[in-house]
Number of protein chains: 2
Amino acid sequence: MKIALYQGPGCVNDLEAGFAHLRAQAASAKAQGADLLILPEMYLSGYNIGPQAALALAIPQSGLAPAQAAAADLNIALVFGYPELVAGQVANAAVLIGPDGRILLNYRKTHLFGDLDRDMFKQRGQDFPVAELGGLKLGLLICYDIEFPEPARTLALAGVDLLLVPTAQMEPYEQVARHVIPARAYENQVYLAYANHSGEENGLGYIGLSSICGPNGAVLAMAGTGEEMIFAEIDPAHHQAVRQADPFFTDRRPGLYGPIAG
Amino acid sequence: MKIALYQGPGCVNDLEAGFAHLRAQAASAKAQGADLLILPEMYLSGYNIGPQAALALAIPQSGLAPAQAAAADLNIALVFGYPELVAGQVANAAVLIGPDGRILLNYRKTHLFGDLDRDMFKQRGQDFPVAELGGLKLGLLICYDIEFPEPARTLALAGVDLLLVPTAQMEPYEQVARHVIPARAYENQVYLAYANHSGEENGLGYIGLSSICGPNGAVLAMAGTGEEMIFAEIDPAHHQAVRQADPFFTDRRPGLYGPIAG
């Protein structure tokens, strides 16, 4: 499986433009041989748009039909963030749409970041669902979720091979892009794609530095600070070799970890 | 509190030389203003010495008297690894000795690394103890322990401010020194000192790259690949500011983390 990652600004306050931009990026990724394209957090609507706009733009999963059509027309899987309408409120969601246009996975951010998130998103996720695609198990997290070791660990324990993380990472959190992302890939022995915004959005400066890491923590591809598409290949043989060389998951001692879930 | 970290070879197969070298390093650290000196895993005996030598050199905690005398004479706290004799077998242990010469903390490696550890160490730790020194809470881990997110997290949840990690990190695990260590400091908002061997020991090549990281993941000091002493200052005001800026520990959702301790 070849992954493409789009780093760039979202289409602020305009879902129709968002869907059109999404289709264009998907076509570009497909033309470059990608089987899956991941885009940033709240990509479809913009992220730093405030609670009123987030509520006005929020859509139920059924509102994702234009993205599903793009995926099916182009035969490419898509992962992107959007404001999901849930019981009249907004969740910060990310969706995985298969290359046949079906919704395979819908995840709601479980860890809300400060007032920025809490003002916009009155709904939050209660679990870490997984899905299969192309013989791989996939999981989704969103931005702040990955800064905690537990969500990625929980997905790895559920057998996830490829962790897809739309984000909206701003200054001064460069440590996350530089160190935490490769560490999460390494400690969980998963492929990890971390797709950030670039540029500025209503006064918020995004740092870019999106990356795709391998299951030994190696940075396979890393973006700069501007708009960019990067690529990496999933190699199941390499993945298996990494897991055999270092049996982290049989060397764990869960009996000593009680306080983490306490 | 000013921390010194000694990176270098251990004194292979010679405890008497080990204690003498330890005193010399402690004197050097003290002369440079340090309040605490951390040294590598199995520093006192050498690490890659094989099961027979490890058993022959293993000592109970009462055998640490020369190190306690050095700490008290020089008025400096010491952390180092040694082969601990426990019920006739060997544990890969690390000890914290206070500046008054008292043993404040003795930790036994909980996560054994491959045959290398398992052949030498028939005893392993069953908990993550903490101690207080100079108004700070301190915890110890050893090498492979830090590659798992759970041990450091468990210590952070117990209130640890400063995590001290003697190690014997070899090729090809540079990802750990480069990324996992700053990530552990960042995600747990702790000061973290990671003290490695340098050089070669019975065919095992150590990578050096010891470091002291701050609670925002910043690398405060990092060694190269040879023998070296590095220093960093603990700043409680900075520590408090980091914790207030990003309330990771109130934003956690332990109710979702059950599988980690399951």
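Every chain is numbered from 1, with letters handed out A, B, ... down the list of sequences.
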task: For chain B, find its close neighbours in residues 194-206 of chain A: heavy-atom separation under 4.5 Å, sorted by number, or none.
output: none

field: Residue part contacting chain A, namely of B/Ala218, when any heavy atom lies under 4.5 Å
entry: both

- prompt: Where on B/Asn216 is there a heavy atom nearer than 4.5 Å to chain A: the side chain, the backbone, both, or neither?
  reply: backbone

Contact residues of residues 255-262 of chain A (partner chain B; heavy-atom separation under 4.5 angstrom): A/Leu256, A/Tyr257, A/Gly258, A/Pro259, A/Ile260, A/Ala261, A/Gly262

- request: Name the member of A/Arg184, A/Glu174, A/Arg153, A/His111 that forms the most heavy-atom pairs with chain B at distances under 4.5 Å.
  value: A/Arg153

message: Once salt bridge (charged side-chain N to carboxylate O under 4.0 Å, His left out) is applied, what residue pairs with a partner in residues 233-250 of chain A remain, sequence neighbours excluded?
response: A/Asp161-A/Arg243

statement: Taken to the nearest 0.5 Å, the spacing of B/Cys213 SG from A/Gln175 CD works out to 8.0 Å

- line: Checked B/Asp251, B/Asp127, B/Leu157 vs chain A; the most non-hydrogen pairs under 4.5 Å come from B/Asp251

field: side-chain contact (heavy atoms from CB on, under 4.5 Å), paired with A/Glu150, selected from B/Glu187, B/Arg253, B/Arg252
entry: B/Arg252

message: Report which part of B/Ile181 has an atom under 4.5 Å of a heavy atom belonging to chain A: side chain, backbone, both, or neither.
response: neither

task: Would you confirm whether A/His179, through its side chain, and B/Val180, through its main-chain N or O, come within 3.5 Å as a donor-acceptor pair?
output: no

message: Is B/Gln126 in contact with chain A via its backbone, its side chain, both, or neither, using a 4.5 Å heavy-atom distance?
response: both

Structural part of B/Tyr186 lying under 4.5 Å from a heavy atom of chain A: side chain

- prompt: In residues 142-149 of chain A, which residues are in contact with chain B at a heavy-atom separation under 4.5 Å?
  reply: A/Tyr144, A/Glu147, A/Phe148, A/Pro149

